[in-house]
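One structure is given here, and the rest of the page talks about it.
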Amino acid sequence: MAKLIIVDLDGTLFDTKDVNYHAYRDALAFYGYDIDYDYYCKFCNGRHYLDFLPQITTTNETILTAIHKKKKKAYRKYLDKAILNRGLVDIIRLMKAEYKTAIVTTASKENCEDILEKFKLEKLFDLILTHDDISEVKPDPEGFLKAMQYFDATPEETIIFEDSEVGLLAAESSAAYYYKTYRFN
């Protein structure tokens, strides 16, 4: 059994609100839409694009997917607006001798790799699970459970760093799902 640290990317490891806002603003403008910064921060930040884009654009999934693809490409242009949580990075580095480390994020693999590379943190994590690796996004605990299963870690051996309401719900429910799914079949 391994001890495990699981870290969320957006809002926890990095403050990426401005990065994501500017990238979405560019992508939306291409399709004739606009988004207000305060609205984005209050209703969109930290949520999966299919949860908020239909309310401000269209319900056409082809267009929504195209907007999201443009956003992922624009993301790189705004990485200088990301703010690293240096205190959390210091904690992870100190605990890495005894703990395995994982990122579990609803961000795309592409954007996750971009920001980790920019801040030279790719080697800090033993496992990276993104939206591309899971079928259910937070508040579903699937990502956390996959990380625990990968390292054969129990909830008692796992520390989860999260900032969003849906992430905290996923973290809280991960123990119940873990024991229901993996230990008492």
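If you read the sequence from its start, that first residue is 1, and numbering goes on from there.
Closest of all the heavy-atom pairs between Y75 and K72 is CB-O, 3.3 Å. Here the closest non-hydrogen pair linking K3 and E98 is NZ-OE1, 3.4 Å. Nearest heavy-atom pair, T16 versus I115, reported as atom, atom and distance to 0.1 Å: CG2-CD1, 3.6 Å. For the residue pair S174 and F144, the shortest heavy atom distance occurs at CB-CB, 4.2 Å. Closest approach of P139 to S173, counting heavy atoms only: O-OG, 4.1 Å. Of all the heavy atoms in D10 and D163, the pair that sits closest is O-OD1, 3.2 Å.
At distances below 3.5 Å, at least one donor-acceptor pair connects side-chain atoms of K138 with backbone N or O atoms of V104. Listed for the D18 side chain is no donor-acceptor partner under 3.5 Å among the backbone atoms of K81. With hydrogens and angles ignored, the 3.5 Å screen pairs no side-chain donor or acceptor of T12 with any backbone N or O of L9. Side chain of E142 to main chain of E136: a donor-acceptor pair is present (N/O by atom type, distance under 3.5 Å, no hydrogens or angles). Judged by distance alone, with hydrogens and angles left aside, the side-chain atoms of D34 form no donor-acceptor pair with the main-chain N or O of D36 at under 3.5 Å.
Y49 and Y31 end up in the same hydrophobic cluster when Ile, Leu, Val, Met, Phe, Trp and Tyr side chains are linked at under 4.5 Å. I134 and L50 fall into different hydrophobic clusters, where Ile, Leu, Val, Met, Phe, Trp and Tyr are joined by side-chain heavy atoms under 4.5 Å apart, directly or via other members. Following chains of ILVMFWY side-chain contacts shorter than 4.5 Å, one cannot reach I83 starting from L88, and the two form parts of different hydrophobic clusters. Hydrophobic clustering, with ILVMFWY side chains joined whenever heavy atoms are under 4.5 angstrom apart, keeps F161 apart from L168.
A heavy-atom distance below 4.5 Å is not found between the side chains of I63 and T57. Two residues are said to be in side-chain contact when any heavy atoms from C-beta on lie closer than 4.5 Å; E162 and I6 fail this criterion. Residues Y24 and L53 have side chains in contact (heavy-atom distance under 4.5 Å, counting atoms from C-beta outward). By the 4.5 Å heavy-atom criterion applied to side chains, D26 and K70 are not counted as neighbours. Side-chain contact between I56 and Y39 is present, with heavy atoms from C-beta onward closer than 4.5 Å. In this structure, V19 and N111 have side chains that are not in contact, with every pair of non-hydrogen atoms separated by 4.5 Å or more. Residues V7 and F125 form a side-chain contact, since some pair of their non-hydrogen atoms from C-beta on lies under 4.5 Å apart. In this structure the side chain of I128 reaches within 4.5 angstrom of the side chain of L116, judged on heavy atoms.
Here the options are K73, K69, K71, the test is salt bridge (Lys or Arg N to Asp or Glu O under 4.0 Å), and the partner is E110; only K73 passes. Partner of R25 under the side chain to side chain contact (heavy atoms under 4.5 Å, CB included) criterion, out of Y78, Y40, Y33: Y78 alone. Among D8, L121, V89, L79, the one residue that satisfies the side chain to side chain contact (heavy atoms under 4.5 Å, CB included) test with F14 is L121.
Taking a 6.0 Å sphere around CD of E61, one finds it holds 12 or fewer heavy atoms contributed by other residues, nucleotides or ligands. For K100, the NZ atom sits in a loose shell: 12 or fewer heavy atoms of surrounding residues, nucleotides or ligands are nearer than 6.0 Å. For F119, the CZ atom is densely surrounded, since the number of other residues' heavy atoms within 6.0 Å is greater than 12. Within 6.0 Å of the CZ atom in F30, the count of heavy atoms belonging to other residues, nucleotides or ligands does not exceed 12.
Separating the NE2 atom in H48 from the OG atom in S108 is a distance of 9.5 Å, to the nearest 0.5 Å. The structure places CG of L4 at 9.5 Å from OG1 of T154, a figure rounded to the nearest 0.5 Å. Note that CD1 of I160 is 11.5 Å distant from CD1 of I5, once rounded to the nearest 0.5 Å. Distance CD/E157 to CG/D152: 8.0 Å, rounded to 0.5 Å. The OH atom of Y150 lies 9.0 Å from the CG atom of L129; values are rounded to the nearest 0.5 Å. The line from CG of L127 to CZ of F151 is 4.5 Å long, rounded to the nearest 0.5 Å.
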Determine, step by step, whether H131 and V137 satisfy the side chain to side chain contact (heavy atoms under 4.5 Å, CB included) criterion, reporting the C-alpha distance in whole Å, the side-chain angles of both residues, the deciding distance to 0.1 Å, and the verdict.
CA-CA 7 Å; H131 175 71; V137 296; 3.3 Å; yes
Please determine whether side chain to side chain contact (heavy atoms under 4.5 Å, CB included) holds for the pair I159 and Y99, giving the CA-CA distance in whole Å, both sets of side-chain angles, and the decisive distance to 0.1 Å.
CA-CA 10 Å; I159 300 171; Y99 284 76; 3.9 Å; yes
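Note on ring orientation: taking the six-membered ring where Trp is involved, the planes of Y21 and Y37 are perpendicular (angle over 60°, cut-offs 30° and 60°).
Ion pairing of D126 with K96 is present here, as a side-chain N (NZ or NE/NH1/NH2) and a carboxylate O approach within less than 4.0 Å.
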